[in-house]
Amino acid sequence: MKIFLDTANIKEILQYAFVIDGVTTNPTLMSQEKTGYNIREHIAEIARIVNGPISVETMSQTAPEIVREAEELATISPNVVIKIPMNEAGLQAAKILSAKKIKTNVTLIFSANQAFLAAKAGATYASIFVGRLDDIGHDGIDVVRDTIEIYRQHDFSTELITASVRHPLHVINAAKAGSHVITIPPKVLSLMFRHNLTDAGLKKFCDDWAQLAKNQGPGL
Ligand code: G3P
C-alpha cells in the first residue's frame, strides 16, 4: 500500500519525504499556506521534493473547462495528477483526460457506486473520504472494502485512495481492506511512528548505558 502525504506544506513534505510515495493537495490545504505564494511554483517545488504522484485540484465546472485547466496543470510536472470532483462533468472530463494519458484522481467519493463510475471513466485514482463518512454516522471503511471488492472482481486498474484520514486506526483498517493508497495528514503520520513502550524502552536503554559508562569509570 502506497502512502501519500495529505498536505500542501513544504516543511511537512520535506520532513516526511523519506517515507512517502506521493502528495495530495486540495483547495483547503492550499489555502492554509499563508505565504502569498505562486500556486504553479508551489506545485513545482513539491514535485522537486517528491518523486511520485502529486494531486492538484481543478476548480473548473464544465467538462471542456476542466480538460483545459487539467492540460495546463499537467505541464507543471509529469508527476501532476489532476484532482476532479465526482460529478457528471468531472467524469466526462476524466474520460477525455484518460484518453489523453493525463492522470486523474476523482475526489469527494462517498459511495461504492461513485467509485465504480470513476473507474468506468478511466480515472487513475478514486479518493474515498472515510473520515467525513464517519462524521455523519456511516462507516467509511465499509465503502473502501466494497470498492476494493468491485475493482478486483472486474479487474479495474483504478487505484483506490483512502482519504479524509483522521487517526492511525483508519490506516490499519484501510490496509486490511486492501486500499491501494492511503493519503495521510502529517499529524496522523507522526502518531504512527510513536508508541509509549518504544519511548520507555529507549529511555531505559539510554539510562542503563549511562550507568554502565559511570561504573566503568574513566577510560571507557
Ligand atoms: O485530500 C482530501 C481529504 O483527505 C480531506 O480530508 O479531513 O478535510 O475530510 P478532511
Side-chain angles (χ1 to χ4, degrees), residues 1-13 15-17 19-34 39 42-43 45-47 49-50 52-60 66 69-70 73 76-77 79-87 90-91 93-94 103-112 114-115 118-119 123-145 147-148 158-175 177 179-192:
M1 185 171 73
K2 282 171 259 179
I3 293 178
F4 292 172
L5 198 62
D6 203 19
T7 184
N9 184 276
I10 299 293
K11 220 171 121 200
E12 291 169 338
I13 293 167
Q15 181 180 356
Y16 291 116
V19 77
I20 60 173
D21 304 293
V23 167
T24 51
T25 68
N26 63 34
T28 306
L29 293 171
M30 295 289 273
S31 74
Q32 285 161 4
E33 299 309 296
K34 299 182 181 70
I39 292 172
H42 193 80
I43 296 160
E45 191 175 353
I46 296 174
I49 301 166
V50 179
I54 296 147
S55 289
V56 182
E57 196 145 341
T58 51
M59 294 311 293
S60 301
I66 294 171
E69 192 183 347
L73 288 169
I76 300 174
S77 155
N79 282 340
V80 164
V81 174
I82 311 303
K83 233 175 168 186
I84 299 177
M86 170 63 221
N87 56 31
L91 292 197
K103 293 198 170 103
T104 55
N105 173 0
V106 175
T107 189
L108 289 166
I109 292 184
F110 294 94
S111 75
Q114 290 180 318
T124 318
Y125 300 100
S127 290
I128 297 178
F129 278 33
V130 294
R132 293 191 196 182
L133 278 165
D134 291 359
D135 289 346
I136 58 159
H138 293 254
D139 186 347
I141 294 293
D142 275 350
V143 180
V144 171
R145 210 174 287 114
T147 302
I148 285 296
T158 302
E159 290 189 41
L160 189 162
I161 302 179
T162 299
S164 183
V165 165
R166 299 281 158 77
H167 47 70
L169 195 55
H170 271 150
V171 182
I172 293 170
N173 288 335
S179 187
H180 305 97
V181 185
I182 184 157
T183 188
I184 309 177
K187 219 188 278 171
V188 175
L189 185 57
S190 81
L191 290 173
M192 289 165 62

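Ligands are counted one by one from 1 in listed order, and the atoms in each one are counted from 1 as well. Numbers here simply count residues along the sequence, with the first being 1.
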Student: Check whether any side-chain heavy atom of Val19 lies under 4.5 Å from a side-chain heavy atom of Leu189, and answer yes or no.
Tutor: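 Yes. Closest side-chain heavy atoms under 4.5 Å.
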Student: Could you name the protein residues that come within less than 4.0 Å of ligand 1, counting only heavy atoms, and order them by chain and residue number?
Tutor: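 Under the 4.0 Å cut-off, ligand 1 touches Asp6, Asn26, Lys83, Phe129, Arg132, Ala163, Ser164, Arg166.
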Student: Quick check: do Ile43 and Val80 have side-chain heavy atoms less than 4.5 Å from each other?
Tutor: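 Yes - at least one pair of side-chain heavy atoms lies under 4.5 Å apart.
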Student: Go through the structure and list residues passing ring pair (Phe, Tyr, Trp, His ring centres under 6.0 Å) with His167, not counting sequence neighbours.
Tutor: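 Counting only residues at least two positions away or on another chain, His167 forms a ring pair (Phe, Tyr, Trp, His ring centres under 6.0 Å) with His170.
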Student: Which heavy atom of Pro168 sits nearest a heavy atom of Met192, and at what distance?
Tutor: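 Shortest heavy-atom contact: CB-CG, 4.2 Å.
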Student: Just to verify, what does Ser60 make a side chain to side chain donor-acceptor pair (under 3.5 Å) with, not counting sequence neighbours?
Tutor: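 Here the qualifying residues are Glu69.
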Student: Do any pairs count as a salt bridge (Lys or Arg N to Asp or Glu O under 4.0 Å) and have a residue in residues 181-192, sequence neighbours left out, and if so which ones?
Tutor: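 Sorted result for residues 181-192: empty, none.
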